[in-house]
Amino acid sequence: LKKQGVTVRDLGDEERGKMARAIEPWVKEKAAEYSASGVPGEELFERYMALVKAEGGKPVYDYKIR
């Protein structure tokens with residue numbers, strides 16, 4: 001994005017953590033919507049987060065989906 005002239009700012013882990021906590025209700029809502037439509041939303045989200053961590057990702061916040 002920087003190469004395209006976009007200003008990119010690194011908010012740091014503390015601010016990213018605040019943002020992640022702020023959207024947790026939305027994440028839970030989306031997971032529930034998927035589950036209600038027959039797709040295992042909670043399980044998919046938990047599996048995604050497990051894969052991120054297994055590959056060395058370090059989420060700034062650990063969502064509690066269920």
Side-chain angles (χ1 to χ4, degrees):
L1 291 174
K2 284 182 181 182
K3 289 178 184 177
Q4 296 175 6
V6 175
T7 300
V8 177
R9 299 187 198 286
D10 182 354
L11 299 177
D13 287 347
E14 184 177 339
E15 288 300 314
R16 283 194 296 276
K18 287 178 187 177
M19 291 173 65
R21 286 187 296 280
I23 67 165
E24 185 172 30
W26 178 82
V27 172
K28 289 180 178 183
E29 178 184 318
K30 290 297 159 188
E33 284 179 20
Y34 283 117
S35 292
S37 72
V39 177
E42 290 90 354
E43 292 88 354
L44 287 174
F45 188 83
E46 289 173 352
R47 178 70 177 137
Y48 169 73
M49 293 303 292
L51 289 170
V52 166
K53 292 174 187 176
E55 292 297 319
K58 294 177 177 57
V60 294
Y61 181 68
D62 192 14
Y63 291 103
K64 306 295 184 244
I65 300 303
R66 295 178 197 228

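Only this structure's heavy atoms are used, side chains among them; waters, hydrogens and symmetry mates stay out. Residue indices begin at 1 and follow the sequence shown.
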Next on the checklist: According to side chain to side chain donor-acceptor pair (under 3.5 Å), who are the partners of K58, at least two apart in sequence or on a separate chain?
Outcome noted: none
Item to check | Closest contact, heavy atoms only, A32 versus E42 | outcome: CA-OE2, 3.8 Å
Checklist entry - What pairs with R21 under side chain to side chain donor-acceptor pair (under 3.5 Å), at least two apart in sequence or on another chain? => result none
Item to check | Distance (rounded to the nearest 0.5 Å) between D10 CG and R16 CZ | outcome: 5.0 Å
Next on the checklist: Restricting to side chain to side chain donor-acceptor pair (under 3.5 Å), what partner residues turn up for Y61, sequence neighbours left out?
Outcome noted: E24
Next on the checklist: Same cluster or not: V60 versus L51, using hydrophobic residues (I, L, V, M, F, W, Y) connected whenever any side-chain heavy atoms lie under 4.5 Å apart?
Outcome noted: no
Checklist entry - Does D62 have any side chain to side chain donor-acceptor pair (under 3.5 Å) partners at least two apart in sequence or in another chain, and if so, which? => result K53, K64
Item to check | With sequence neighbours excluded, residues passing salt bridge (charged side-chain N to carboxylate O under 4.0 Å, His left out) with E46 | outcome: R66
Checklist entry - Is there a path from V52 to V27 through hydrophobic residues (I, L, V, M, F, W, Y) whose side chains come within less than 4.5 Å of each other? => result yes
Checklist entry - Are L11 and V8 connected in the hydrophobic side-chain network, where two residues link if heavy atoms are under 4.5 Å apart? => result no
Checklist outcome for this item: Residue pairs meeting ring-ring contact (aromatic ring centres under 6.0 Å, His included), one or both in residues 27-52, sequence neighbours left out, come to F45-Y63
Checklist outcome for this item: Tightest non-hydrogen contact, residues S35 and P40, listed as OG-C, 3.9 Å
